[in-house]
Amino acid sequence: MVAAEELLPPSPPSLSSSSPLILGLQPSALVDHIVRVDWSLLAQIPGERGGSQPVAIEELEHILNELKTHILPSPDEPSPLRTIAGGSVANTLRGLATGFGISCGIIGACGDDEQGQLFVQNMNYSKVDLSRLRMKKGTTGQCVCLVEADGNRTMRPCLSSAVRLQHYELTREDVRGSKWLVLRYAIFNLESIRAAIRIAKQEGVSVSMDLASFEMVRNCRSQLLELLESGDIDLCFANEDEAAALVRDEEEVNPDVALEYLAKHCRWAVVTLGRDGCIVKHGKQIVRVPAIGETHATDATGAGDLFASGFLYGLVKGLPLEDCCRVGSCSGGAVIRALGGEVQPENWQWMYKQMQIKDLTTPDLCKTYS
């Protein structure tokens, strides 16, 4: 295997003259271990099913060791366990680059270990610009994604010992010339998120933020509200559970109330509703779009991340709001057809077919997958 050092630019990076259209901040590179399991394993581990709760390295290793006795075999999956570059931001960027042909780059840090090498190779293969990814001595973050028979996923990330890009390492040159900066809310990255938003605004770069998980919203809500109410978040994505946690103090707690709150502070507010599609507000315009494709998900990992890929593609291409939602529904529907947050080639083909059926403009590279 090629050493990670040979795949990464020197640190600090020498940035290319043409900046990616969309950048993503993921302070710690992450590798996902995705596996289909029976419910009994989920009953043994701490935290709520369906969410994302950080664990220590000992707990992560314990879960990985337990997998062999709880794996659910599937005739559609050649391997019961997939290990790929992960993290919400990485998933969104990879989808934009491989499925839509949008130039993307990631800002962050990865360790000089085997997991870091895997992250770099996977993102390199997906044509994501890594010139802003710093390699550091130490370990790369890992996450175990436990997928139940109904496609619901429970995530247990371990980032406590992972190398991380610090807020003081971010510079205006990191974002200069790009149009969008994609973020994921996380309390342990709050300083870096604030610094990235500040320099993005200085450089005229629009900011998109995903709300991460209902646990993150519920447990770190005051800091999140401060970020949203600053007016510096241009586009916000929330799923139904995150939306409910966001407006839990309101008289009514429902997606429409959350949408109104987000739209008060963000130019585009998006609430995804799983099988019920999504609702979006921009200015005075409200759009409701149903989900596309099968109602049963093989694996919901990355559904929101890939919805964001399609929605952002629509925005940068100047599509009407409803079409942005439809493209997002197509790409979100593509990723849930297989295990993991990376769309398989045959599922990109499926997505392009859905886009053609709905008379949506397909990316130029769709012929690559035909």
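Everything numeric in this text was worked out from a predicted model, so none of it was measured.
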Exercise. Between Arg326 and Asp359, is there a salt bridge with N-O shorter than 4.0 Å?
Worked result: no
Exercise. Taking 4.0 angstrom as the limit, do Asp32 and Arg153 come out as a salt bridge?
Worked result: no
Exercise. Charged N to carboxylate O below 4.0 Å: is that the case for Arg132 and Glu173?
Worked result: no
Exercise. Looking at residues at least two apart in the chain, or sitting in another chain, which of them share a side chain to side chain donor-acceptor pair (under 3.5 Å) with Gln202?
Worked result: none
For this session: Only counting residues at least two apart or in another chain, list the ones meeting side chain to side chain contact (heavy atoms under 4.5 Å, CB included) with Ala244.
Result: Val253
Exercise. With Arg172, which residues qualify under side chain to side chain donor-acceptor pair (under 3.5 Å), at least two apart?
Worked result: Glu203
For this session: Answer yes or no: is there a donor N or O on one side and an acceptor on the other, between the side chain of Ser178 and the main chain of Pro20, under 3.5 Å?
Result: yes
Exercise. Ignoring hydrogens and geometry, is there a side-chain-to-backbone donor-acceptor pair from Asp234 to Ser208 under 3.5 Å?
Worked result: no
Show the atom names and distances, to 0.1 Å, of all donor-acceptor pairs under 3.5 Å that link a side chain in residues 58-67 to residues at least two apart or in another chain.
{"unit_1": "Asn65", "atom_1": "ND2", "unit_2": "Glu61", "atom_2": "O", "d": "3.2"}

Problem set entry | Donor-acceptor pair between Gln121 and Asn124 side chains, under 3.5 angstrom | no
Exercise. Who are the ring-ring contact (aromatic ring centres under 6.0 Å, His included) partners of Tyr185, not counting sequence neighbours?
Worked result: none
Problem set entry | side chain to side chain contact (heavy atoms under 4.5 Å, CB included) involving Ile286 - partner list, sequence neighbours excluded | Leu259, Glu260, Lys281
Exercise. Any idea which heavy atoms bring Ala29 and Cys110 closest together, and the distance?
Worked result: CB-CB, 3.5 Å
Exercise. Are Leu225 and Ile197 linked, directly or through other ILVMFWY residues, by side chains that come within less than 4.5 angstrom of each other?
Worked result: yes
For this session: Verify, without hydrogens or angle tests, whether Ser331 (side chain) and Leu306 (backbone) share a donor-acceptor contact under 3.5 angstrom.
Result: yes
For this session: Indicate whether any N or O donor in one side chain lies under 3.5 Å from an N or O acceptor in the other, for Arg164 and Asn189.
Result: yes
Exercise. Passes salt bridge (Lys or Arg N to Asp or Glu O under 4.0 Å), Arg82 versus Glu342? Steps please.
Worked result: CA-CA 10 Å; Arg82 288 195 72 205; Glu342 180 178 33; 3.1 Å; yes
Tell me which donor-acceptor pairs under 3.5 Å the side chains of residues 142-149 have, and how far apart each pair is, sequence neighbours excluded?
{"unit_1": "Gln142", "atom_1": "OE1", "unit_2": "His33", "atom_2": "NE2", "d": "2.7"}
{"unit_1": "Glu148", "atom_1": "OE1", "unit_2": "Arg49", "atom_2": "NH2", "d": "2.3"}

Problem set entry | Exercise: identify the closest heavy-atom pair between Arg184 and Asp305 | NH1-OD1, 4.5 Å
Exercise. Sequence neighbours excluded, which residues qualify as ring-ring contact (aromatic ring centres under 6.0 Å, His included) partners of Phe237?
Worked result: Phe311
Problem set entry | Partner residues of Thr140 under the side chain to side chain donor-acceptor pair (under 3.5 Å) criterion, sequence neighbours left out | Asp113
Exercise. By ring-ring contact (aromatic ring centres under 6.0 Å, His included), which residues pair with Phe214, not counting sequence neighbours?
Worked result: none
Exercise. Can you check whether Ala291's main-chain N or O pairs, donor with acceptor, with Arg275's side chain at less than 3.5 Å?
Worked result: no
Seminar exercise, completed: With sequence neighbours left out, the residues meeting side chain to side chain donor-acceptor pair (under 3.5 Å) with Lys136 are Glu169
Problem set entry | Pairs meeting criterion ring-ring contact (aromatic ring centres under 6.0 Å, His included) with involvement of residues 141-184, two or more places apart | Trp180-Trp268
